[in-house]
Amino acid sequence: IPKSVSSVGSYAFQGCTSLAHVDIDARSIGSYAFSGAGVQTLLIGESVSSIDSRAFEGCSGLRNLTLNSSTLASSPYSTAFSQFRSTLTKLVVGSAVSSIGTYKFNQFASLRYVEIPSSVTQIGSNAFGRCSRLQSIVIPKSVSSVGSYAFQGCTSLAHVDIDARSIGSYAFSGAGV
């Protein structure tokens with residue numbers, strides 16, 4: 001769905017069980033827009049600035065998320081993504097993103113792989129805390145600040161490649177490293 005579409009209305013693709021791949025760049029996504037759809041891969045473009053908390057309700061098969069919206073990535077905890085805590089296994093942060101917000105992906109228990117581009121300069125507090133299946137993370141040199149508790153409780157984390165100037169208190173507390 002291109003950015004020439006300003007919004008995806010409520011219930012627009014509700015129940016579209018054959019809809020496995022969604023690439024969206026509309027400014028806003030309404031309530032229940034993809035509710036119950038068969039979405040497995042979701043690409044959120046740069047233009048997306050608003051997602052209703054129930055836009056993807058019932059999309060229990062979502063495994064892969066590419067987030068390229070700086071507005072959504074930098075904002076704190078988002079209920080629009082929280083329902084994917086037990087299904088999301090791969091997160092790719094897009095190059096339009098400069099910061100990852102506080103509690104953004106906290107407690108995403110199935111998350112195993114995260115790709116952070118060199119455009120990111122800051123990772124917020126608790127951003128990936130308690131992602132118990134996250135095994136490895138490469139934090140690019142562009143990241144100057146990693147917030148407190150950012151990876152706290154990531155018990156499967158066995159490898160961290162980091163060169164940040166500032167690492168907050170308990171950033172890796174209880175992690176496997």
Side-chain angles (χ1 to χ4, degrees), residues 1-117 119-120 122-137 150-151 153-154 156:
I1 301 172
K3 62 182 167 186
S4 59
V5 175
S6 62
S7 68
V8 175
S10 299
Y11 305 97
F13 296 95
Q14 181 188 31
C16 293
T17 56
S18 295
L19 185 61
H21 179 89
V22 174
D23 186 343
I24 188 165
D25 208 15
R27 251 191 333 258
S28 67
I29 303 170
S31 60
Y32 302 99
F34 294 91
S35 174
V39 181
Q40 296 172 12
T41 301
L42 176 61
L43 287 86
I44 304 286
E46 289 182 54
S47 301
V48 181
S49 60
S50 171
I51 300 177
D52 184 88
S53 64
R54 299 194 183 270
F56 296 96
E57 186 165 295
C59 291
S60 59
L62 188 92
R63 303 282 183 265
N64 304 300
L65 172 64
T66 298
L67 181 59
N68 204 26
S69 167
S70 189
T71 303
L72 293 177
S74 63
S75 64
Y77 176 81
S78 170
T79 55
F81 299 129
S82 65
Q83 62 200 340
F84 307 133
R85 283 186 170 153
S86 64
T87 64
L88 188 68
T89 58
K90 179 180 179 182
L91 169 67
V92 175
V93 178
S95 61
V97 175
S98 60
S99 69
I100 299 171
T102 303
Y103 286 96
K104 189 50 127 188
F105 298 100
N106 188 274
Q107 297 182 27
F108 276 61
S110 294
L111 191 60
R112 294 175 187 272
Y113 176 82
V114 175
E115 183 179 315
I116 300 173
S119 60
V120 173
Q122 180 180 12
I123 297 173
S125 298
N126 282 294
F128 295 98
R130 296 189 194 154
C131 290
S132 58
R133 291 199 178 128
L134 185 61
Q135 299 169 352
S136 176
I137 187 81
F151 296 93
C154 294
S156 296

Shortest non-hydrogen contact from [X] to [Y]?
| X | Y | answer |
| --- | --- | --- |
| Cys154 | Arg130 | SG-N, 4.2 Å |
| Pro117 | Gly94 | CG-O, 3.4 Å |
| Gly101 | Ala127 | O-CB, 3.7 Å |
| Val8 | Ala26 | CG2-CB, 4.2 Å |
| Ala96 | Glu46 | CB-CG, 3.4 Å |
| Gly45 | Ser69 | O-CB, 3.4 Å |

What I'd like to find out is whether the side chain of [X] reaches to under 4.5 Å of the side chain of [Y], using heavy atoms alone.
| X | Y | answer |
| --- | --- | --- |
| Leu67 | Phe105 | yes |
| Phe84 | Cys59 | yes |
| Phe128 | Leu111 | yes |
| Thr102 | Ser125 | yes |
| Ile24 | Val5 | no |
| Leu88 | Leu62 | yes |
| Leu134 | Phe151 | yes |

Query raised in the report: Going through the distances and angles, do Lys90 and Thr66 end up as a side chain to side chain donor-acceptor pair (under 3.5 Å)?
Result: CA-CA 8 Å; Lys90 179 180 179 182; Thr66 298; over 6 Å; no
Spatial distance of atom [atom1] ([X]) from atom [atom2] ([Y]) [nearest 0.5 Å]:
| X | Y | atom1 | atom2 | result |
| --- | --- | --- | --- | --- |
| Cys131 | Asn106 | SG | CG | 6.5 Å |
| Gln40 | Arg63 | CD | CZ | 7.5 Å |
| Ser132 | Gln107 | OG | CD | 9.5 Å |
| Ile51 | Phe56 | CD1 | CZ | 5.5 Å |
| Ile100 | Ser70 | CD1 | OG | 10.5 Å |
| Lys3 | Ser6 | NZ | OG | 13.5 Å |

Report task. With sequence neighbours excluded, tell me which residues meet side chain to side chain contact (heavy atoms under 4.5 Å, CB included) with Thr41. Result -> His21, Leu43, Asn64
Report task. Would you check if the side chain of Ser119 reaches a backbone N or O of Val97 as a donor-acceptor pair within less than 3.5 Å? Result -> yes
Query - Any donor-acceptor pair under 3.5 Å from Ser31 side chain to Asp52 backbone - result: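 No, because the side chain of Ser31 does not come within donor-acceptor range (under 3.5 Å) of the backbone of Asp52.
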Query - side-chain contact (heavy atoms from CB on, under 4.5 Å) between Leu65 and Phe108, intermediate numbers included - result: CA-CA 12 Å; Leu65 172 64; Phe108 276 61; over 6 Å; no
Report task. Would you please say whether a donor-acceptor pair under 3.5 Å links the side chains of Ser74 and Lys104? Result -> no
Query - side-chain contact (heavy atoms from CB on, under 4.5 Å) between Ile116 and Ile137, intermediate numbers included - result: CA-CA 9 Å; Ile116 300 173; Ile137 187 81; 3.9 Å; yes
Query raised in the report: Would you find more than 12 non-hydrogen atoms of other residues, nucleotides or ligands less than 6.0 Å from Arg27 atom CZ?
Result: no
